[in-house]
Amino acid sequence: MTSCDAIVIGAGHNGLTAATLLAEAGRKVLALEASDFVGGGARTAEFAPGYRSSGLAHIVNRLDPDVARLLRLPAEVASGELLPTVVLSEGREPAVLRGAYGSAGIEGVTEAEARAFQSLKAKLLFQASILKRFLKRRPPEIGKMSGTDIKDFGLAGMSLISRGKEEARDFLRMVLMNVADVAEEYLADERLKALLAFDATLGVHLGPRSPTSLLGLYYRLTGEAGGLAGGQFIPKGGMGALGAAFADSAKRAGVTIRTNASVRRLLTANGKIAGIELLNGETIAGDLVVAAIHPKSVFLDLADPADIDTVFKKQIRNVRSEGNVAKLDLALSALPRFTGVSERDHRGRIVIARSARHVDEAFNPAKYGEFSPDPVMEITLPSLADPSLAPAGGAVLSALIQYAPYRLKMGWETGKPLFEQAVMAVLERHAPGIGALVVGKDLQTPRDIEARYNMPGGHWHHGELQVDQLLVNRPTDLASGYSTPIGGLYLASAGAHPGGGLSGLPGLLAARHILSGDRR
Amino acid sequence: MTMNASVLKALQTHIDQPIAETPFEPRFDALSRYPDWYVWAGYKAAHSLGDVEAEYTALRNAAGVFDVTPMNKYRITGADAERFLNYLTVRDVRKLAVDRVHYTCWCNDFGHVIDDGTLFRLGADDFRLCCQDKQYDWLTDAAFGFEVAIEEETHHVAGLALQGPTSCRILKNMGFIGVEQLKPFQIARYSLGEGTVTVSRTGFTGDLGYELWVENGLALPLWDQLFEAGALHGIRAVGYQALNQCRIEAAFIVPNADFMTASHVLRPDRARLPDEIGLDWLVDPDKPNFNGKRAILSAQAKGTAKHVLVGLEIEGNVPAEGAIIYHRQKREAGIVTAGIWSPTAKRNIALASLDRPFGTTVTEDLWAEIYALCEGRYHKLMKRVKIVPRPFLKLDRRTTTPPADF
Ligand SMILES: Cc1cc2nc3c(=O)[nH]c(=O)nc-3n(C[C@H](O)[C@H](O)[C@H](O)COP(=O)(O)OP(=O)(O)OC[C@H]3O[C@@H](n4cnc5c(N)ncnc54)[C@H](O)[C@@H]3O)c2cc1C
């Protein structure tokens, strides 16, 4: 049996972040990855002969600057040209938000509407900044609040009132509202309302009219790119280049990465972690294990059911984690043309949602295990930034489609071709002739994502990012703050605080917590 | 979906009969002189059949028969049954041999006791757990990940406790050959008509005694043969009051009387660690992880247990049930959870829950404040109490094998 100071399970970007920081602190670190690639959701993969696309994530909008700095990620993958967001609406020119979420102007809407959007955005950014304080630190332990915790609450309170009574009151009024009501209150243009509704709900099981759905938008706006909140880019070389850059940092720090090394069991002794066992039966000893994979996998698949107590086991079983987003990759013989979109703006993020109501109506059937015949989606054309992804003259389209319920009533076997038809019909409406260009395609339902990425539920955040599964309750109150009931075992994936998306924050905060000396 | 009134009514027969009856109910009913019923876990059960003194006397001097059918009974089987129960409970189930029983308790993640009970090992992979509270939900939650089947047996397995010095003789009279060789906590099976009686040398009286388990259909034949076999040996049906006196003498605790179970408490400080209710001796720190192990061991290491269960002897003869215990007659130190004048020990005894350090390092100058209601007026008594070893009554016949014959 071999051994090492720290074993990291899962070489997604969070696992690699934690591994790098532990190695830089002098630990001998081994990162184990089940699949034959590193980077987890940050990946570029061939999906049709000669065509490659972003595997799962297709745009970067919340990579944490501290993570980029600490891992010394190359500037060309950690930043990039800010991409516009283009909101399509049939029979109308699109609304285009330039810079970071419109920071460089909004086209296609009236001047008054653009102003209204900017003032709402300023308000939302202020409100998000109050929550952001809590996203970049370990959640407090209930009943064991430290001086720093109290100070941080105090500072949050102070910044809240620093803008005057009215802003403070608005924060308390809005924080648990639904995004549709907020959008309706401040905006008139359906496309802008649709964008907020879409961005607030992408990746979670909420519709824009569901209470608390505004939180998703705050979360989105806590992300930044190029120092600007709400910014987005595609790294040079695609998402795979980002995943590879995380792996390079780890290797540089001395981390050993093993792919095709699926962990099947956690080994314990006297209630503490003692090592892991791989699928091939090999065992590796270690008294520090960082599980940068879905918390449900950790405790329901890898842990011996006798090693965790019953209340905790039930909490983990009850973590809601059924994915709602499908990914479609199209191999196209030529570049598609979206009606009304300038050639240059095809490089941006294209959102198909004509109103908040449209997003809500796409959600409704998902509550009952069905999909809408008219789904909403966001689209990128990765081959425009990186022509090597498609053969000469060809193009690649990547679409993230809401809502594709994990538990489809008719079953995905039957449902998949029907869902694909629905998606293609929407695309055809906005990019006439696109169907005829398709030479290859790959539709991943949440079930496919679950299998391909070893991600239970195929969930964006490794567990719903909703108010009951946040902060001190992420993934559950008995395992928040990265420590778990099993001594020496820590969590570090999107399923831990603060949540998913390519940020590296769970990995960073978990590593900091471990290095701060917690060795329960 | 709409439902008409008659369909609805047909589905709700439980409303017409809100209290279940055990298969022995007709016999108890027939023997009751002035029935004093209460509800035990949804079943009609006897407080007494009209003469508590005679029932107590039967339990200690002849044989008393108490209906334990309302106890919740769970059958746990499967390849992982031993491993599962070892995880569920605080004692080492690997040490429990087939055809043996042990007393145990189980806790939640925080080390708080959920219930206590007896675990019967009926086969290598076949167990029965008997306990006070409903545990099906907890058991199934705990069983996630284990290869076990959990079956609720409460309503189709009937049980009688036959307790007292002549109990072995009575079973021999029934033709249960070799029953005198049964050691405490041992199990044997005998045929009765078409079926089987499972006999365990267990009970709740701290005396010689057995528990008899049958499928419901065999309940009345068992009763009738038992009473026939015991006719010349003082057999008598007893209710809970007499049994309760015996169990206090034996210093056995009752969940939700001597302590509140974790699933019943609303106030977080009311739940109890095993160490706080005298069950620390059950906890096996050397076995693999079990529910609450980390919390219990950490509380032991940090010395954070807040309460302690003690046996008290109280000056005078007024039962102290419910009395508040004071230190130096001033500072509140705990509460009496059960107290009687013990007819056999001839002492005024009680079980009490004290707030540490009272009962651990501070054991002197303790007092019980007893409110005795006499002819329409409370007499407030302040009585000196002494912490004494438990049990209050130790009977050799509880463990002697074979028991003395009669
Ligand atoms: C459809 C979809 C689209 C998304 N799009 C975006 C986007 O555009 N932008 C964005 O920022 N975010 C996006 N996300 C979210 C983002 O992909 C995730 O939040 C992110 O990948 C989480 O990173 P992670 O390192 O925590 O886990 P993962 O990326 O899931 O990595 C975990 C790794 O652990 C490995 N693993 C699992 N089990 C084991 C085991 N037993 N042994 C060994 N290894 C194991 C897995 O193979 C995987 O490589 C999207 C998510 C989905 C589902």
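We use all heavy atoms of the structure for the numbers below, so side chains are in, but hydrogens, waters and symmetry mates are not. It should be emphasised that the depicted structure is a prediction, and the values quoted were computed from it without experimental measurement. Below, chains carry the letters A, B, ... as their sequence lines are ordered, and counting in each starts from 1.
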A:Asp301 portion near chain B, given a 4.5 angstrom heavy-atom threshold = neither

Of all the heavy-atom pairs spanning A:Ala303 and A:Phe299, show the shortest one and how long it is.
-> CB-O, 3.8 Å

On the 0 to 90° scale, with breaks at 30° and 60°, tag the A:His462-A:His294 ring pair as parallel, tilted or perpendicular.
-> parallel

dist A:Ser493:OG -> A:Met455:CE (nearest 0.5 Å) comes out at 8.5 Å

Quick one: what part of B:Phe84 sits under 4.5 Å from any heavy atom of chain A, side chain, backbone, both or neither?
-> neither

Partner chain A: residue of B:Asn289, B:Leu88, B:Asn108, B:Asp109 with the largest heavy-atom pair count (under 4.5 Å) = B:Asp109

Specify which of A:Asp309, A:Asp304, A:Val311 makes the most heavy-atom pairs with chain B at under 4.5 Å.
-> A:Asp309

Side chain, backbone, both or neither: which part of A:Leu478 has a non-hydrogen atom closer than 4.5 Å to chain B?
-> side chain

Residues A:Pro498 and A:Leu465: closest non-hydrogen pair is O-CD1, 3.5 Å

How are the rings of A:Tyr490 and A:His513 set relative to one another: parallel (under 30°), tilted (30 to 60°) or perpendicular (over 60°)?
-> perpendicular

